[in-house]
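All of these numbers come straight from a predicted model, not from anything done at the bench.
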Amino acid sequence: MPQVKIFSGTTSRYLAEQIAAAYGTRLGDVTLQRFSDGEIHASFNESVRGCEVFLIQSTFPPTDNLMELMLMVDAAKRASAHKVCIVVPYYGYARQDRKDKPRVPIGAKVIANMMQSVGADRLMTCDLHAGQIQGFFDIPVDHLDGSAIFVPYIKSLNLDRLLFASPDVGGVVRTRAFASKFGAEMVVCDKHRARANEIASMQVIGNVEGYDIVMVDDIVDTAGTICKAAALLKERGARTVRAVITHPILSGPAYERINDSVLEELIVSDTIPLRENSPKIKVLSFSQLFARAISNVVTHDSISSLFL
């Protein structure tokens with residue numbers, strides 16, 4: 001069996017160190033440096049010849065993260081690695097998964113083409129914005145389910161009257177799958193956007209009076225939707241409102257909105273590092289989930305066995 005080596009890009013090192021420790025190894029030695037004009041250079045400081053290499057890097061802004069990852073893949077392939085698996089806890093550009101109006105790109109497909117063109121043999125990621133993005137790849141994609149980490153935490157809260165809510169119509173399938181793990185019902189917050197990151201109107205479809213609401217989504221960006229939905233649910237009689245969202249982008253006024261909101265807590269993962277602390281944000285680590293997935297890939301065991 002080929003030797004396994006795990007390396008990290010610059011901005012995901014905090015998570016990669018935990019993944020490597022959970023797997024039972026240390027991070028490999030790689031140098032990522034920049035020329036004075038900002039050009040990135042990657043070099044492995046140990047042999048990867050014949051190894052099964054796992055490169056960990058989320059592709060949140062800036063785009064340097066993505067470029068680092070591409071250069072590491074190319075360096076590993078040229079150094080005769082047996083296989084190169086890119087572990088992308090947060091897959092950026094996933095919101096651009098289709099042409100929703102004329103003359104726009106399909107950004108998620110562009111990123112998929114880039115990853116494959118440099119020679120990646122496999123992609124491992126978690127809670128894609130749209131599951132069909134897996135179809136953009138002609139290599140194996142291990143799409144991990146974050147509910148394996150979130151569900152035990154929600155159960156530990158012992159909420160009396162649990163009800164799940166989707167903050168928009170597009171998240172109904174994700175929320176229904178989450179609710180089914182509890183045998184619970186769900187409601188929908190139907191929103192209309194005036195433009196990107198700006199909500200024109202929102203309404204609740206379903207009864208929430210007296211319930212403990214858990215909203216489910218994959219991404220929280222400016223937190224406008226989640227905070228507006230929480231306020232509306234409370235107005236409609238919800239007893240408590242909290243949210244489970246995998247990828248905490250949290251740009252612009254997000255932290256201020258969350259701190260000022262009626263949310264009991266915002267439960268997120270560590271696929272993206274927080275820029276600042278907030279008493280309302282609870283971070284759960286996905287390191288064990290990714291470590292187990294890497295182990296199963298190496299031993300050719302089932303990935304779906306990791307799901308609830």
Side-chain angles (χ1 to χ4, degrees), residues 2-35 38-94 111 114-115 118-128 139 141-144 146 149 246-249 268-275 283-298:
Q3 183 181 1
V4 175
K5 292 196 174 184
I6 302 175
F7 298 89
S8 173
T10 301
T11 52
S12 290
R13 190 175 181 89
Y14 71 97
L15 177 57
E17 288 175 342
Q18 296 179 57
I19 293 173
Y23 183 78
T25 188
R26 60 169 180 81
L27 280 183
D29 188 8
V30 61
T31 297
L32 295 160
Q33 60 188 97
R34 283 166 170 74
F35 295 111
E39 182 178 319
I40 301 167
H41 179 261
S43 62
F44 291 96
N45 301 322
E46 59 188 80
S47 175
V48 296
R49 182 178 297 274
C51 296
E52 196 149 352
V53 173
F54 290 83
L55 305 175
I56 301 173
Q57 180 84 309
S58 284
T59 57
F60 51 84
T63 53
D64 284 0
N65 297 345
L66 180 60
M67 194 63 190
E68 272 190 5
L69 182 59
M70 298 299 95
L71 292 173
M72 284 194 294
V73 173
D74 187 69
K77 296 295 286 190
R78 294 180 188 278
S80 301
H82 175 62
K83 284 188 177 178
V84 178
C85 173
I86 50 177
V87 181
V88 184
Y90 169 66
Y91 185 100
Y93 290 84
I111 302 304
M114 291 174 64
M115 290 176 171
V118 292
D121 295 295
R122 189 181 203 99
L123 168 69
M124 184 181 295
T125 188
C126 184
D127 288 352
L128 286 167
I139 58 175
V141 176
D142 299 311
H143 186 205
L144 306 186
I149 304 299
T246 305
H247 308 296
I249 298 174
V268 301
S269 80
D270 53 358
T271 58
I272 300 174
L274 297 184
R275 290 185 290 106
V283 181
L284 302 181
S285 180
F286 276 14
S287 57
Q288 292 284 344
L289 177 63
F290 277 101
R292 293 197 301 267
I294 290 172
S295 178
N296 285 16
V297 167
V298 172

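Atom CG in Leu284 sits 7.5 Å away from atom CD1 in Ile149 (nearest 0.5 Å). Taking OH of Tyr93 as the start and CG of Leu66 as the end, the distance is 7.5 Å to the nearest 0.5 Å. Here the SG-CD1 distance, from Cys85 to Ile6, works out to 10.0 Å after rounding to the nearest 0.5 Å. Atom OG1 of Thr10 sits about 10.5 Å away from atom CD of Gln33, to the nearest 0.5 Å. Taking CG of Leu32 as the start and CG of Leu71 as the end, the distance is 8.5 Å to the nearest 0.5 Å.
Side-chain atoms of Ser8 come within 3.5 Å of backbone atoms of Arg13 as a donor-acceptor pair (strictly under, hydrogens ignored). Glu46 places a side-chain N or O within donor-acceptor distance of the main-chain N or O of Asp29, the cut-off being under 3.5 Å. Under the 3.5 Å distance criterion, the side-chain polar atoms of His247 are matched with a main-chain donor or acceptor of Cys126. Remark: the backbone N or O of Gly146 is paired with a side-chain donor or acceptor of Asp127 at under 3.5 angstrom. Counting only distance, with no hydrogens or angles, the side chain of Tyr14 and the backbone of Asp270 share a donor-acceptor pair below 3.5 Å. Between the side chain of Lys5 and the backbone N or O of Ser47 there is at least one donor-acceptor pair closer than 3.5 Å. With Ser58 contributing its side chain and Thr271 its backbone, the two residues share a donor-acceptor pair below 3.5 Å.
Counting heavy atoms from C-beta on, the side chains of Asp142 and Val297 come closer than 4.5 Å. Side-chain contact between Ile86 and Leu69 is present, with at least one heavy-atom pair separated by less than 4.5 Å. Residues Leu144 and Phe286 have side chains not in contact (no heavy-atom distance under 4.5 Å, counting atoms from C-beta outward). Within the 4.5 Å cutoff, side-chain heavy atoms of Tyr91 are placed close to those of Met115. The closest side-chain heavy-atom distance from Ser12 to Tyr90 is not below 4.5 Å. Side-chain contact between Ile19 and Ser287 is present, with heavy atoms from C-beta onward closer than 4.5 Å.
What you find for Ile294 and Met124 is that their closest heavy atoms are N-CE, 3.9 Å. What you find for Ala79 and Val48 is that their closest heavy atoms are CB-CG2, 3.5 Å. Heavy atoms only, all atoms of each residue included: Asn65 and Gln57 are closest at O-NE2, 3.3 Å. Heavy-atom minimum distance, Ser285 versus Gln18: OG-OE1, 3.2 Å.
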Side chain to side chain contact (heavy atoms under 4.5 Å, CB included) assessment of Val4 paired with Tyr23: CA-CA 10 Å; Val4 175; Tyr23 183 78; 3.6 Å; yes
From CA spacing to verdict: side chain to side chain contact (heavy atoms under 4.5 Å, CB included), Ile111, Thr59: CA-CA 10 Å; Ile111 302 304; Thr59 57; 5.5 Å; no
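Residues passing the ring-ring contact (aromatic ring centres under 6.0 Å, His included) test with Phe54: none are found, sequence neighbours excluded. For Ile139, the side-chain contact (heavy atoms from CB on, under 4.5 Å) partners at least two apart in sequence or on another chain are Gln116, Ala120, Phe137.
For CZ of Phe44, the number of neighbouring non-hydrogen atoms (other residues, nucleotides, ligands) closer than 6.0 Å is greater than 12. Heavy-atom contacts from other residues, nucleotides or ligands closer than 6.0 Å to CZ of Arg34 number more than 12. In Met67, the CE atom is not crowded: 12 or fewer heavy atoms of neighbouring residues, nucleotides or ligands sit closer than 6.0 Å.
With Glu68 as the partner, the side-chain contact (heavy atoms from CB on, under 4.5 Å) test is satisfied by one option alone out of Ile40, Thr63, Val30, Thr11: Ile40.
Pairs of residues two or more places apart, or lying in two chains, that qualify as salt bridge (Lys or Arg N to Asp or Glu O under 4.0 Å) and include a residue from residues 75-87 are Asp74-Arg78, Lys77-Asp121.
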